[in-house]
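Since we're looking at a predicted model, the values are computed, not measured. Order of the sequence lines fixes the chain letters, A, B, ..., with proteins taken first and strands second; residue numbering starts at 1 for each chain.
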Amino acid sequence: MFILKLAWKNLWRNRVRSAITMAAIFFAVLLSVLTSSLKNGIFDNLINNLVGLYSGYIQIHRKGYWDDQLLDNALQTSSSAEKKILSNRNVLHLSARLESFALASTGEITKGCKIIGINPFEENNITLLASKLIQGKYLKEKDNGILVAEGFLKRVRLHLNDTLILLGQGYHGSTAAGKYPIKGIVRFGLADLNNNVIYMPLLLAQDMYGAQNMATSYALSLSNAKELDITANELRRSLSETYEVMTWEEMMPDIKQHISSDTQSMLVVQTILYLLISFGIFGTLLMMMAERKYELGMLVAIGMKKARLAWLLLLESVMTVFLGCIAGIAASIPVVYYFNRYPIRITGDMAKAYEQFGFEAIFPTSLGLSNFISQGVIVLLIGLALSLYPVYTVWKLNPVEAMKK
Amino acid sequence: MKTVIDAHNISKVYNKDKIPVYAINNVHLHIELGEFTALVGPSGSGKTTLLNLIGGLDTPDAGKIEINGTDITALRSNELIDFRLKNIGFVFQSFNLIPVLTAEENVAFIMELQGMSKAERQNRIKTLFGQIGLEDKLNSRPSQLSGGQQQRVAVARALASKPQFVLADEPTANLDTASANKLMDIMALLNKEEQMTFIFSTHDPRVIERARRVITLVDGSIVSDTAQVNIYSTNGHEK
């Protein structure tokens, strides 16, 4: 207790030095929390955009479908399988899809397109498709109409309420054909989707492709996206081997690679930041040890054991680092919250480039608690590691040498 | 008389590998309980080195030092620190006190290290501050005390652990005459009333004239060891 009291008093013996050290730690924590939460916020946004736009966090297919994406590899929809999937504690929504290709003709123009048969209500739970509607009405389960992506509609030069003829190959080589009114127009940021996609109710798609009660995939949304792999493994265990369960990371490995390489770059930036902090703290520790050399020698001379003296200095360092960390975390909370609520918005050509890839051109911060805790803990550990210098110096201390003037 | 310090043929050599310099050369020293001894000599004569050796702050290259029968040259570093805490009081020339602690806390500190109970500490502090005449300065920080007052607190701290003897290295070097005399009065009184053994390294005539034994060192060797029998110094202060 006495040592603790002495450490606390020593902390304030040179207020300017302590304030400089704490300020260095304060700004380090503030910057590293901001960097970390911005990085995680950008990636979360990217994943939400991609996953929310199209894939879902997890997809379940008939085994082999992903490598050979043909209608003939579609799965038989099964209420018992759906129940089993939905019984997983982390699965929030499930939507069956039937995806294939077709030729879309207006009579004068014919273009290839991707057809996605969906259950309108369930699909909206996962991809918020209704929010992409820019004209017309959203689909209903038993509609005969279709939703056409804005870019594709321009390619075939049609408008809302016009009729489009679709022609393709159905299940097991049958002919798939039909005439469908355009009930609504949807817009996507991702050019690939916006220029090629047509949505229709699942029942209508099954009817057109002659694939009654069939779907190419079940798309799932999760209540906790962080448990992606755990949930996928649980589903793999609970479903029979005729299904393949794939996470978005497995379906879009290039995105995972992009996140991984960006994380590495960010890590380099953070490491430089940590190095700067380390030099700052170490500099003040060096000053402190030089300034107190005589006093430390005197304390050992009068009978203070080196272990106790080392503990005293360690406590002083820990207190300095801890106070700096707490202040840094406290100051970062409103800043992180502000940039989460009012994200940094990119404009101009860069924004267009982002939108081309289907991402909103905004950089929000992540409010995840781990951003604050992990950065605080890292800086605290750096402080602790550097505090070993005074401990080492005390261990080597010769009171006679230390007290020489 | 009980022997407190018995140093046998001790030597301390610096620069052993090149041109050896004997800071202490084959010194034999015998100090008994209740002595009031001054180590004197010119600068570089080895006063402080001898004090450091008998205080266990430094180790001799040859010889043996026994304190109350314990050979301190055989103790390990940590044992030596513990030995110093329990047996030896130190008063240094300056910067004796911990600046962030009050006078009372500075004295209590050494007793905390010894693990004394709070009640015992409080009693001892009351007695010691009464003896050094600073009862009204208990809550003053070192920076609020004069140099003489700081040295008196240092004496109280040196005595707090009830040591076998007190080693004082140039205790009056930075003090004016009045403060130096006051400090010497206190140490002389403690020596007389509590039979506390004091050993000073000094070249201050104000200290030398108050000592009852004066050991003169030159080039690391004892060249004279004389007892002074007069009880009062010329300025009337009791020895």
(message) Counting only non-hydrogen atoms closer than 4.5 Å, does L299(A) touch chain B with its backbone (N, CA, C, O), its side chain (CB onward), both, or neither?
(response) side chain
(message) What part of R292(A) gets within 4.5 angstrom of chain B, counting heavy atoms only: side chain, backbone, both, or neither?
(response) neither
(request) With chain B as the partner chain, list the residues of residues 4-19 of chain A whose heavy atoms fall under 4.5 Å from it, by residue number, and write 'none' if nothing qualifies. (result) K5(A), L6(A), K9(A), N10(A), R13(A)
(message) Checking the side chain of Q131(B) only, and the main-chain atoms of I186(B) only, is there a donor and an acceptor separated by less than 3.5 Å?
(response) no
(request) For the pair S179(B) and D176(B), evaluate side chain to side chain donor-acceptor pair (under 3.5 Å) and give the outcome as yes or no after the intermediate values. (result) CA-CA 5 Å; S179(B) 300; D176(B) 59 50; 2.9 Å; yes
Salt bridge present between [X] and [Y] (N-O < 4.0 angstrom):
X       : Y       : value
E291(A) : K293(A) : no
K118(B) : E112(B) : no
D262(A) : K39(A)  : no

Which region of [X], side chain (C-beta onward) or backbone (N, CA, C, O), has a non-hydrogen atom less than 4.5 Å from a non-hydrogen atom of chain A, or is it both or neither?
X       : value
I110(B) : side chain
E105(B) : both
D58(B)  : both
F83(B)  : neither

(message) Centroid separation under 6.0 Å, is that true for the rings of F200(B) and F36(B)?
(response) yes
(message) Using ring centroids (six-membered ring only for Trp), state whether Y389(A) and F282(A) fall under 6.0 Å.
(response) yes
(request) Would you check if there is a donor-acceptor pair between the side chains of D61(B) and S11(B) at a distance under 3.5 Å? (result) no
(request) State whether a side-chain donor-acceptor pair under 3.5 Å links N96(B) with Q150(B). (result) no
